[in-house]
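Predicted model, so just to flag it, every value in this text is computed and none were measured.
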Amino acid sequence: MCGITGWVSFDRDLETERAALDAMTETMSCRGPDDRGVWAQGPAALGHRRLAIIDLPGGRQPMTAETPHGTVALVYSGETYNFTELRRDLAGRGHRFTTDSDTEVVLRGYLEWGDALAERLNGMYAFAVWDGRADKLVMVRDRMGIKPFYHHPTADGVLFGSEPKAILANPLARRRVRLDGLRELFTMIKTPGHAVWDGIHEVEPGTVVTVDRDGVRQRRYWELETRPHTDDRDATVAHVRTLLDDIVRRQLVADVPRCTLLSGGLDSSALTALGARQLAGRGERIRSFAVDFAGQAENFVADELRGTPDTPFVHDVARTAGTDHQDIVLDSQALADPGIRAKVIRARDLPAGLGDMDASLCLLFRAIREHSTVALSGESADEVFGGYLQFFDEAARTADAFPWLVTMGRRFGDDADVLRPDLTKALDLSSYVADGYRDAVAGIRRLDGESDFEYRMRRVSHLHLTRFVRILLDRKDRASMAVGLEVRVPFCDHRLVEYVYNTPWALKSYDGREKTLLREATADVLPKSVYDRVKSPYPSTQDPRYAAALQDQARDLLARPDHRVFELVDPARLRRAVDREAPMTGQADRRGLERALDLALWLEMYDPELVLG
């Protein structure tokens with residue numbers, strides 16, 4: 001797991017641009033605290049920061065291969081879980097290896113198959129290959145978009161990086177955000193390719209982007225396809241379990257300490273239990289970590305989203321699976337710390353807007369990194385198996401809208417309410433979202449004979465797997481890599497995603513409950529309490545002292561009327577949130593405060609040029 005960056009400029013010799021390349025590379029230091037490397041030759045320059053996971057001494061990058069017709073150089077971020085099989089195949093084709101790393105397998109695989117290598121990979125990855133034989137750059141991103149990857153076309157080439165900050169460190173890139181960037185920032189619809197920053201684009205998931213003297217070309221090597229499902233219920237449950245066993249086995253491979261993120265919900269509990277069983281067979285014990293808030297278990301108040309606190313269920317799983325478990329307990333002072341808010345914004349390059357949930361994730365990962373370098377997460381199971389409330393909310397699943405926006409709007413309101421009225425009018429977010437929805441559903445194919453209900457649920461699933469999940473994957477990658485922790489997401493294995501996506505809803509929820517397939521496939525390793533537990537989202541603090549701290553920070557902000565944030569935020573609306581006397585214990589109460597404080601820090605840290613007309 002690493003941070004990658006680079007620059008291709010066909011009109012100059014980049015061997016003379018070492019200072020710019022070094023600056024771009026150093027922005028990735030948190031992603032790769034173990035090593036750094038740069039390489040430049042003619043029009044191409046590559047930079048790499050390494051978090052060593054497999055073959056600690058042998059996986060240094062950039063990695064090169066000399067051929068009779070030119071040098072091929074690679075910078076790679078991520079993990080290829082089927083690298084041992086690919087290595088065997090390549091060795092049989094005459095390739096010789098000097099390391100045990102998956103990076104060398106990817107490099108040799110490119111030499112053998114070119115960019116068709118992408119179809120052979122199972123994993124999470126973002127990598128760039130400079131092919132000196134043809135003077136072209138090839139950029140490849142994993143199917144689900146687990147690893148971030150961005151590029152910025154220039155007049156004579158391209159800049160690229162794991163994160164926008166690497167690109168923004170180059171003098172050719174401007175720190176500019178237009179209205180469309182703000183529209184993307186204030187909606188949760190994850191428009192493919194959009195990166196908020198003007199001129200910067202995502203390398204889309206499942207895509208190969210090639211840059212040469214003729215320009216930029218894009219080829220999609222994977223997308224979520226509609227296929228018939230022929231297995232009955234028992235066979236479907238059994239196949240899901242077979243896949244999960246194989247996925248967990250592959251993703252436990254590491255030469256560094258590993259652990260699981262355990263919330264006490266079905267997803268993380270299943271992975272923890274499966275991982276613990278597999279490692280026990282090797283005489284090992286897995287570590288598990290959970291986040292909690294000071295006083296939460298004793299003072300928890302159930303609401304529509306969260307009916308039970310996590311901790312009792314976490315401890316049931318830890319006892320049943322025999323993990324070496326630790327709770328990471330956070331207090332309101334730590335959650336409200338502006339330094340943590342700044343760290344989250346720096347990790348994301350944007351004002352994230354998820355408040356205490358982002359802060360707690362950052363603090364959790366920082367604590368875990370003291371013990372482990374790799375963590376398995378239950379992220380994405382809700383999208384794959386159908387776990388969110390909107391899968392069961394009739395209004396959400398029948399609306400011609402992104403389903404999560406229907407449920408979130410009803411429960412949390414609109415966090416853009418804090419913006420200036422004139423800006424709100426210029427943004428016209430409702431039209432932007434409506435246009436995005438039409439684009440998102442346009443290519444979803446319906447099976448012959450598929451009922452209206454099954455097709456509706458297919459659309460709901462497709463939207464979650466191609467839009468919503470990418471928001472959460474980006475959040476988790478940025479927060480974890482900001483502290484040098486690799487988080488793996490087994491539920492994003494494309495084989496599982498493809499199989500379950502095409503399983504009819506009547507089988508996904510044959511007992512009327514969420515994630516029935518996952519529950520039944522792992523029933524034998526789960527404690528009964530977790531098997532019976534209703535879905536509970538990522539935890540959020542209910543401590544009113546957290547909101548009080550936010551109000552104090554917002555008062556300080558209001559005392560600076562010349563602050564740039566008031567180009568975006570309406571001071572009168574912010575004042576109303578600051579002067580509110582009723583206790584703020586829920587997320588909806590705090591969203592405006594959190595959004596305004598995020599925007600203020602982002603403007604201070606990045607000083608972007610805002611083009612609001």
Side-chain angles (χ1 to χ4, degrees), residues 3 23 26-33 49 148 161-169 175 177 181-182 185-186 195-197 291 293 328 330-370 415 418 471 474-485 540-541 545-560 562-569 574 577-578 587 590-610:
E26 286 314 297
T27 65
M28 301 284 97
S29 59
C30 289
R31 296 185 72 90
R49 291 291 312 213
S162 292
E163 298 177 0
K165 61 174 63 69
I167 295 170
L168 294 172
R175 297 188 174 210
V177 177
L182 290 177
L185 187 61
F186 286 101
V196 177
W197 294 97
V291 67
F293 305 108
I328 307 299
L330 309 174
D331 60 30
S332 59
Q333 183 177 358
L335 292 170
D337 182 357
I340 294 301
R341 185 180 301 278
K343 190 170 183 65
V344 169
I345 291 169
R346 178 67 68 187
R348 300 282 290 274
D349 294 311
L350 294 170
L354 291 180
D356 72 298
M357 293 194 297
D358 275 338
S360 65
L361 196 66
C362 178
L363 291 165
L364 171 66
F365 288 161
R366 188 170 71 179
I368 290 174
R369 185 60 176 88
E370 297 177 7
D415 65 346
V418 75
I471 299 170
D474 184 75
R475 169 179 178 258
K476 184 149 285 184
D477 176 89
R478 302 296 193 89
S480 60
M481 293 305 295
V483 297
L485 176 71
S540 177
T541 183
R545 290 174 294 184
Y546 169 70
L550 299 183
Q551 288 175 304
D552 288 341
Q553 293 170 27
R555 286 189 188 96
D556 293 341
L557 189 58
L558 285 164
R560 302 162 60 192
D562 59 343
H563 195 290
R564 284 196 66 196
V565 75
F566 297 113
E567 297 175 39
L568 303 175
V569 170
L574 182 59
V578 166
Q587 292 169 268
R590 309 184 299 248
R591 290 192 77 189
L593 288 170
E594 290 169 330
R595 178 62 89 173
L597 293 171
D598 279 355
L599 286 167
L601 263 180
W602 175 60
L603 291 167
E604 292 171 16
M605 295 164 64
Y606 284 81
D607 192 25
E609 173 192 353
L610 299 177

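In this view, K476 and E379 satisfy the salt bridge (charged side-chain N to carboxylate O under 4.0 Å, His left out) rule, not counting sequence neighbours. Partners of E567 under the side-chain hydrogen bond (donor to acceptor under 3.5 Å, both in side chains) rule, at least two apart in sequence or in another chain, are R564.
Between F566 and H563, the two ring planes are perpendicular [angle over 60°; tilted spans 30° to 60°].
Note that the CD atom of E370 and the CG atom of L485 stand 11.5 Å from one another [nearest 0.5 Å]. In this structure, OH on Y606 lies 3.5 Å from CG on D349, to the nearest 0.5 angstrom. One finds the CZ atom of R49 at 4.5 Å from the CD atom of E26 (value rounded to the nearest 0.5 Å). Atom-to-atom distance recorded for R475:CZ and R348:CZ is 7.0 Å, nearest 0.5 angstrom. Taken from CG in L550 to CZ in R591, the straight-line distance is 13.5 Å, to the nearest 0.5 Å. The line from OG1 of T27 to CG of L168 is 9.0 Å long, rounded to the nearest 0.5 Å.
With hydrogens and angles ignored, the 3.5 Å screen pairs no side-chain donor or acceptor of R31 with any backbone N or O of M481. Of the possible donor and acceptor atoms, one in the side chain of R369 sits under 3.5 Å from a partner among the backbone N and O of G484. Between the K165 side chain and the R346 main chain, a donor and an acceptor come within less than 3.5 Å of each other. The backbone N or O of D356 lies less than 3.5 Å from a partner atom in the side chain of E594, making a donor-acceptor pair. Side-chain N or O atoms of R595 include one that pairs as donor or acceptor with a backbone N or O of P351 at under 3.5 Å. Judged purely by atom type and a 3.5 angstrom limit, Q551 uses its side chain to pair as donor or acceptor with the backbone of A577.
Minimum interatomic distance between V418 and G592 (heavy atoms only, all atoms of both residues): CG2-O, 4.0 Å. Shortest non-hydrogen contact noted between A166 and G161 is CB-CA, 4.3 Å. Nearest heavy-atom pair, R175 versus M605, reported as atom, atom and distance to 0.1 Å: NH1-O, 4.2 Å. For E163 against A347, the heavy-atom pair with the smallest separation is OE1-O, 3.9 Å. Considering every non-hydrogen atom in both L557 and A596, the closest pair reads CD2-O, 4.2 Å. Across all their heavy atoms, P608 and W197 have their closest contact at CB-CZ3, 3.8 Å.
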Can you list the steps and then say if D552 with V578 is a side-chain contact (heavy atoms from CB on, under 4.5 Å)? CA-CA 8 Å; D552 288 341; V578 166; over 6 Å; no
V177 and L185: CA distance, side-chain angles, deciding distance, side-chain contact (heavy atoms from CB on, under 4.5 Å) verdict: CA-CA 10 Å; V177 177; L185 187 61; over 6 Å; no
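Side-chain atoms of T541 and R590 include no donor-acceptor pair closer than 3.5 Å.
More than 12 heavy-atom neighbours from other residues, nucleotides or ligands sit within 6.0 angstrom of CD on E609.
In this structure, D562 and R560 have side chains that are in contact, with non-hydrogen atoms separated by less than 4.5 Å.
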Which atom pairs, one a donor and one an acceptor, fall under 3.5 Å between side chains of residues 334-345 and the rest of the protein, sequence neighbours left out?
{"residue": "D337", "atom": "OD1", "partner": "G339", "partner atom": "N", "Å": "2.8"}
{"residue": "R341", "atom": "NH1", "partner": "D598", "partner atom": "OD1", "Å": "2.6"}

